[in-house]
Amino acid sequence: VWVSNPHTVALLFQPVLLRCHYTTSSSSSSSPIITWKYKSFCAPSSAASDDPLQAGGETSSSSSSSSSCPDSSRTVRIVATKQGDLVTLGDFYRGRSVTVLGGAELSLGPAAWGDSGIYICTVTSLQDLVGNNEAVAELVVLGEA
């Protein structure tokens, strides 16, 4: 699993597409489960840079968080899941133009202020237990100056 653009900057109210790609060795007809999870950026500490991409320190695709910013100190929520053609949105995203397109691309429709953060694409296949099953994309939403 990999994302083609791990750092995305979008303008407020513009459509956003986070591209997640995967390969599977499974020849089974069952579709993998695609899950997109959102994590807010960490609050910058006084020693941290003002750059929100640096504040999180999220440079690897590992799901382990640094001790300086545990998941309990940030917002974490499921954006959407997809299996086959069925897409299910998390409660926070219902009523918005959010979906999973193609294999595993997350379409956020018009970007909102609260969309800035870290997005984790996870691909789960019951037959494919080898390799990395998640990738991380960071999104920063910019407003008008």
Side-chain angles (χ1 to χ4, degrees), residues 1-24 26 28-45 48-129 131-145:
V1 176
W2 70 97
V3 292
S4 51
N5 190 356
H7 303 285
T8 299
V9 177
L11 295 175
L12 188 62
F13 307 124
Q14 296 301 307
V16 175
L17 187 64
L18 300 178
R19 298 180 189 273
C20 179
H21 310 277
Y22 66 91
T23 57
T24 179
S26 172
S28 167
S29 60
S30 66
S31 301
I33 300 170
I34 311 300
T35 304
W36 277 95
K37 184 190 294 186
Y38 165 86
K39 292 184 179 188
S40 62
F41 285 122
C42 298
S45 66
S49 159
D50 289 334
D51 180 356
L53 291 177
Q54 298 302 318
E58 308 286 339
T59 55
S60 74
S61 61
S62 153
S63 60
S64 64
S65 36
S66 67
S67 58
S68 63
C69 184
D71 284 354
S72 61
S73 67
R74 56 170 124 190
T75 302
V76 178
R77 58 183 168 240
I78 299 295
V79 180
T81 61
K82 177 182 180 185
Q83 185 169 25
D85 293 330
L86 178 63
V87 176
T88 305
L89 297 181
D91 291 343
F92 185 82
Y93 298 90
R94 291 193 181 129
R96 285 188 57 188
S97 179
V98 173
T99 193
V100 179
L101 302 171
E105 298 177 342
L106 180 65
S107 171
L108 286 173
W113 281 119
D115 290 340
S116 288
I118 298 149
Y119 290 80
I120 302 161
C121 172
T122 305
V123 179
T124 306
S125 171
L126 299 177
Q127 290 78 30
D128 209 353
L129 304 176
N132 181 26
N133 75 330
E134 67 180 33
V136 174
E138 293 179 347
L139 172 64
V140 175
V141 177
L142 302 176
E144 296 181 15

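Throughout, numbering of the chain's residues begins at 1 and tracks the sequence. This is a predicted model, so every value here is computed, not measured. These numbers come from the heavy atoms of this one structure, side chains and all, not from hydrogens, waters or symmetry mates.
At distances below 3.5 Å, not a single donor-acceptor pair connects side-chain atoms of Tyr22 with backbone N or O atoms of Thr122. The closest donor-acceptor contact from the side chain of Arg74 to the backbone of Ser40 lies under 3.5 Å. With hydrogens and angles ignored, the 3.5 Å screen pairs no side-chain donor or acceptor of Arg19 with any backbone N or O of Asn5. Under the 3.5 Å distance criterion, the side-chain polar atoms of Ser116 are matched with a main-chain donor or acceptor of Val141. When atom types are taken as modelled, the side chain of Lys82 and the backbone of Trp36 share no donor-acceptor pair closer than 3.5 angstrom.
With rounding to the nearest 0.5 angstrom, the CZ atom of Phe41 is 12.5 Å from the OG1 atom of Thr75. Residue Ile120 holds its CD1 atom at 11.0 Å from SG of Cys20, rounded to the nearest 0.5 Å. Within the model, atoms CD1 of Ile34 and CG of Leu101 stand 12.5 Å from one another, a figure rounded to the nearest 0.5 Å. Summarising the geometry, atom CG belonging to Asn133 is positioned 10.0 Å from atom OG belonging to Ser125; distances are rounded to the nearest 0.5 Å. Separating the CD atom in Glu105 from the NE2 atom in His21 is a distance of 6.0 Å, to the nearest 0.5 Å. In this structure, Gln83 CD and Ile33 CD1 are separated by 4.5 Å, a value rounded to the nearest 0.5 Å.
The shortest side-chain heavy-atom distance between Pro110 and Ser97 falls under the 4.5 Å cut-off. Using a 4.5 Å heavy-atom threshold, the side chains of Leu139 and Leu108 count as touching.
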Between Cys121 and Leu106, does the side chain to side chain contact (heavy atoms under 4.5 Å, CB included) criterion hold? Intermediate values first, please. CA-CA 9 Å; Cys121 172; Leu106 180 65; over 6 Å; no
Step by step, work out the side chain to side chain contact (heavy atoms under 4.5 Å, CB included) result for Val16 and Asp115. CA-CA 10 Å; Val16 175; Asp115 290 340; over 6 Å; no
Please determine whether side chain to side chain contact (heavy atoms under 4.5 Å, CB included) holds for the pair Phe92 and Tyr38, giving the CA-CA distance in whole Å, both sets of side-chain angles, and the decisive distance to 0.1 Å. CA-CA 11 Å; Phe92 185 82; Tyr38 165 86; over 6 Å; no
Test side chain to side chain contact (heavy atoms under 4.5 Å, CB included) on Val3 and Leu18 and set out the steps. CA-CA 8 Å; Val3 292; Leu18 300 178; over 6 Å; no
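Using a cutoff of 4.0 Å between basic side-chain nitrogens and carboxylate oxygens, Lys37 and Asp71 are not scored as salt-bridged.
Between Leu12 and Gly143, the shortest heavy-atom distance links the atoms CB-CA, 4.0 Å.
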